[in-house]
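Here's the structure, in structure tokens; my notes come after.
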Amino acid sequence: MPVAAKNLSDQRGNALGIGFFRVVIRALGPRCACAMVWFVAFFYAVCDGTAMRAATPYLRSRFPKAGAMARRWHFYRLLVAQGQVIILAHWLRSGRQVPIREEHPEHLRDALLDRQRGLILLISHVGCWQAALTHLESYQRPVNLLIQANANVHIARMFQGQHVTIINNDGPFGGLLDCVAALERGEIVCIMGDRQAGDHEEALPMTMLGRRLFIPRSPWLLAARCRCAIMPVFTLMRGMASGIDFFFAPPIAIEYNLPRKPPADIFTPYIAQYAAALEKMAVDHPYQVFHYDHQASTATPRET
Amino acid sequence: MDDATAAFRQEFKEKLITWLQLEDKTPDDIKDDDALFGSGLGLDSLDAVEIVIALKREYNIPQSAVDQRRDIFTTFATLSDFVQHYHEQQH
């Protein structure tokens, strides 16, 4: 598998370290584990050149005036936040709960009023996105998650026994027909909106903080073809795993009457809305946007 | 192959070209045994979505019927025959 397609976070940490943190989380709680992350992340911030290189494009665009030392500090903060988010995800996975605040939940409620119509939730590599899936259970609508095949083992394990149906993108037709079926049943389909599922996937360019990213085209075409709403949702960790803030962005109104096989630029205005929402997250919460180089698809995306 | 099947396949090739905007193809370019995806016609997963939606729109074939028969996407002939049989059963 090419390095670009691998999930960087899957290659970090070892069994001993992960086991240690699991024990700490169980014995002392997530806040104590989050405090320890400051020390562990320092090691990675100093020694992990691969991760630093992967984070640099995002850090350069988010902190354009930062010099090398300042950028290293921002990298450290990014690693700390990511470690703490992983702890929060494990805490939630074990069935525990944290206080939740919702901003504009009416957007989601309104979108779910029509029980015949499905909904695409665009999740992003921002904060604790796994929490979104756990929390959606309270909306009493079946939830599906289209995921990249190489993330399957970890994600499937995380949601095992829960209400989430995993759709693999390495299945027939990239899992898209399963998404269509779920949307036709009026269910929620969560799709990672800011990462291509490999370089083979058709991608659309968007600009975030002056940096060009390539994002998957499939959620937008699915929304248009299935005549359903598409809505970005962001889940931010509050403090040291002490809570979660949900931001439900307004649904993006897609033109449903598209020509057959619509040209890629037809989606540009909608993607710009998503990019603006994502950019606001990066501005307001810079250390909770986990856009590493492999997610930015700087290699050779199949642009449409 | 009987005349009805041949006629349906010819018509279905034209529809497929229109749905998917295969501007560089004519019905004669599509062989019955051509694989739809990958090496044959070179369609991709987004094309599959277009086909499923078009089948519902033009032939009233529900997604659930397609869902149970993913093998119909193997070649042009398997897809065309499935649509023809479904269409005949409904009328």
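Here is how names work: the chains are called A, B, and so on, in the same order as the sequence lines, proteins then strands, and each is numbered from 1.
The environment of Lys280(A) atom NZ is sparse: at most 12 non-hydrogen atoms of other residues, nucleotides or ligands sit within 6.0 angstrom. Within a 6.0 Å sphere centred on CG of Asp71(B), other residues, nucleotides and ligands contribute more than 12 heavy atoms. Other residues, nucleotides and ligands contribute only 12 or fewer heavy atoms inside 6.0 Å of the CG atom of Asp3(B). Within a 6.0 Å radius of CD in Gln140(A), other residues, nucleotides and ligands contribute 12 heavy atoms or fewer.
Closest heavy-atom contact between Leu176(A) and Ser45(B): CD1-OG, 3.6 Å.
In this structure, the separation between CD on Gln63(B) and CZ on Arg185(A) is 8.5 Å, given to the nearest 0.5 Å. A distance of 13.0 Å separates NZ in Lys56(B) from CZ in Arg225(A), rounded to the nearest 0.5 Å.
Most heavy-atom pairs under 4.5 Å with chain A: of the set Leu46(B), Val66(B), Val49(B), Ile53(B), this distinction falls to Leu46(B).
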